[in-house]
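Quantities reported herein were computed from a predicted structural model and do not represent experimental measurements. Any value given below was found using the heavy atoms of this structure, including those in side chains, with hydrogens, waters and symmetry copies removed.
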Amino acid sequence: MALTITAIVCAFNESRLLPACLYSLKAQTRPPDDILVINNASTDQTAAVARAVPGVRVVDEPRKGLVVARETGRRAARTDLLAFLDADCRAPIGWIARVEAQFARGGCVAVTGPYRFYDWRPTGRTLIRAYDVVVAPPTHAVVHHLCGIGAVLYGGNFAVRSDALAAIGGFDQRIRFHGEDTNLGRRLTPIGRVRLRGDCWVWTSARRYREMGTWTVCKLYVRNFWSEILRHRPADQGHLDVRA
């Protein structure tokens with residue numbers, strides 16, 4: 001039986017970048033069965049922009065917070081797979097098909113892939129590409145396959161089985177922002193494999209790196225990854241909202 005897929009985009013004040021994300025989903029060679037936008041306490045035209053795209057379903061979530069919005073999306077979806085894409089991302093036309101193929105192979109509860117940047121300088125793109133190729137795969141192999149204590153999971157680009165999410169009680173809404181992706185990968189690891197695939201990449205914006213500085217963001221992500229893996233809680237509670 002074919003798997004059904006909902007693409008979920010959580011959006012806070014994303015009226016400028018959201019249309020490109022949604023139309024990239026509509027242009028997929030394997031279109032999602034449902035496209036769901038969680039309008040997360042936006043004060044701009046995010047909801048109106050999303051509703052203007054044919055075939056997009058909008059759910060308003062007045063409680064601001066990424067993980068709150070993700071959980072709202074999980075509860076609103078009715079498909080086998082939930083594919084989460086950040087609002088500043090753009091999916092290449094074969095993204096859904098490649099993700100679906102990984103689940104069709106069996107043996108995994110989640111699939112994730114890296115980012116490529118559509119609006120950043122070459123040095124920044126090269127640095128993050130080096131992380132995706134040199135650092136992320138061996139780190140994932142050690143923490144996930146060898147030690148079984150967690151996983152590398154890209155928070156703006158992942159798909160997960162809805163029954164697996166339900167089995168772990170959904171998203172951990174105690175987490176505000178940093179470490180939410182590592183938290184999910186850690187909690188999924190005991191019930192199944194998280195598959196890290198370089199061919200399941202998506203385009204994204206480098207706005208956080210530009211706003212905060214490349215090394216600041218890298219250190220922030222590394223610190224919260226290892227804190228969540230080893231201490232089961234993020235190191236940083238607050239975060240800079242680069243859209244505000």
Side-chain angles (χ1 to χ4, degrees), residues 7-28 32 35-38 40 42 46 49-50 53 56 66-67 69-70 73 82-99 110-137 140 151-160 177-182 184-185 194 196-222 224-225 239-244:
I8 302 176
V9 182
C10 300
F12 164 69
N13 287 354
E14 294 284 14
S15 59
R16 185 175 67 87
L17 296 178
L18 184 58
C21 176
L22 296 179
Y23 280 107
S24 76
L25 291 171
K26 290 181 64 66
Q28 294 291 298
I35 300 176
L36 180 59
V37 171
I38 308 302
N40 186 211
S42 297
T46 291
V49 164
V53 179
V56 171
L66 174 62
V67 186
R70 291 208 198 283
L82 310 181
F84 287 85
L85 187 68
D86 278 356
D88 63 331
C89 290
R90 302 168 188 174
I93 62 172
W95 179 64
I96 292 283
R98 286 192 287 269
V99 167
V111 174
T112 189
Y115 307 113
R116 297 184 187 179
F117 297 90
Y118 55 74
D119 61 354
W120 205 13
R121 63 185 187 277
T123 53
R125 295 198 303 267
T126 300
L127 174 66
I128 302 304
R129 182 63 176 156
Y131 165 82
D132 294 335
V133 173
V134 177
V135 178
H140 182 71
V152 171
L153 190 146
Y154 291 77
N157 173 20
F158 69 93
V160 59
F177 186 82
H178 294 298
E180 54 90 20
D181 44 7
T182 308
L184 178 63
V194 176
L196 175 61
R197 293 288 306 184
D199 59 344
C200 293
W201 60 274
V202 299
W203 296 107
T204 195
S205 167
R207 58 187 178 182
R208 183 167 299 277
Y209 292 93
R210 292 197 305 269
E211 182 71 24
M212 298 177 63
T214 301
W215 289 112
T216 297
V217 174
C218 289
K219 288 186 291 185
L220 189 67
Y221 286 162
V222 169
N224 282 280
F225 174 84
H239 74 284
L240 174 66
D241 198 327
V242 296
R243 290 153 295 189

Under 4.5 Å between any side-chain heavy atoms of Leu220 and Met212, yes or no? yes
Under the side-chain hydrogen bond (donor to acceptor under 3.5 Å, both in side chains) rule, collect the residues that match up with Asp181, sequence neighbours excluded. none
Check: Glu14 and Cys21 side chains under 4.5 Å, non-hydrogen atoms: no
Just to verify, what does Trp203 make a ring pair (Phe, Tyr, Trp, His ring centres under 6.0 Å) with, not counting sequence neighbours? Trp201
So, applying side chain to side chain contact (heavy atoms under 4.5 Å, CB included) with Leu153, which one of Val160, Val111, Val194, Leu196 is it? Val194
Pick out which of Ile93, Val56, Ile35 makes a side chain to side chain contact (heavy atoms under 4.5 Å, CB included) with Leu25. Ile35
Taking only residues two or more places apart in sequence, or in another chain, which ones meet Arg197 in a side-chain hydrogen bond (donor to acceptor under 3.5 Å, both in side chains)? Asp199
Would you say CZ of Arg121 has more than 12 non-hydrogen atoms from neighbouring residues, nucleotides or ligands within 6.0 angstrom? yes
Flag the pair Leu17 / Arg207 as yes when at least one side-chain heavy-atom distance between them is below 4.5 Å, and no otherwise. yes
Mind checking whether Gln28 and Val99 have side chains closer than 4.5 Å, heavy atoms only? no
For the residue pair Thr46 and Phe12, establish whether any side-chain heavy-atom pair is separated by less than 4.5 Å. no
Could you tell me whether the side chains of Tyr154 and Asp86 share a donor-acceptor contact shorter than 3.5 Å? no
Do Thr204 side-chain atoms and Phe117 backbone N/O form a donor-acceptor pair below 3.5 Å? no
When you look at Trp215 and Leu127, which way does the side-chain contact (heavy atoms from CB on, under 4.5 Å) test go after all the steps? CA-CA 10 Å; Trp215 289 112; Leu127 174 66; 4.3 Å; yes
Taking all heavy atoms of Cys10 and all of Leu66, pick out the closest pair and write down the distance. CB-CD1, 4.2 Å
Do you know which two heavy atoms are closest between Ser42 and Ala11, and how far apart they sit? OG-O, 3.3 Å
With a 3.5 Å distance limit and no angle check, can you tell me whether Arg210 reaches the backbone of Asp119 through a side-chain donor-acceptor pair? yes
Give a yes or no on whether the backbone of Gly124 and the side-chain of Thr214 come within a donor-acceptor separation of less than 3.5 Å. no
Minimum-distance pair of heavy atoms, taken over all atoms of Gly73 and Ile38: CA-CD1, 3.6 Å
Flag, side chain of Asn157 to backbone of Tyr115, donor-acceptor distance under 3.5 Å: no
Shortest non-hydrogen separation from Gly156 to Cys89 and the atoms involved: O-SG, 3.9 Å
Between the main-chain N or O of Phe225 and the side-chain N or O of Thr182, is there a donor-acceptor pair closer than 3.5 Å? no
Using side-chain heavy atoms (C-beta onward) and a distance below 4.5 Å, is Val152 in contact with Thr112? no
Say you draw a straight line from CG of Asp241 to CD of Glu211; how long is it, rounded to the nearest 0.5 Å? 10.0 Å
Just by distance, do the side chain of Arg125 and the backbone of Trp120 share a donor-acceptor pair under 3.5 Å? yes
OG1 of Thr216 to CZ of Arg208, rounded to nearest 0.5 Å, is 11.5 Å
Report the distance from atom CZ of Phe84 to atom CZ of Arg70, rounding to the nearest 0.5 Å. 6.5 Å
With side chains defined as the heavy atoms from C-beta onward, is the minimum distance between Phe158 and Cys200 less than 4.5 Å? no
Less than 4.5 Å apart, any side-chain heavy atom of Val49 and any of Ser15? yes
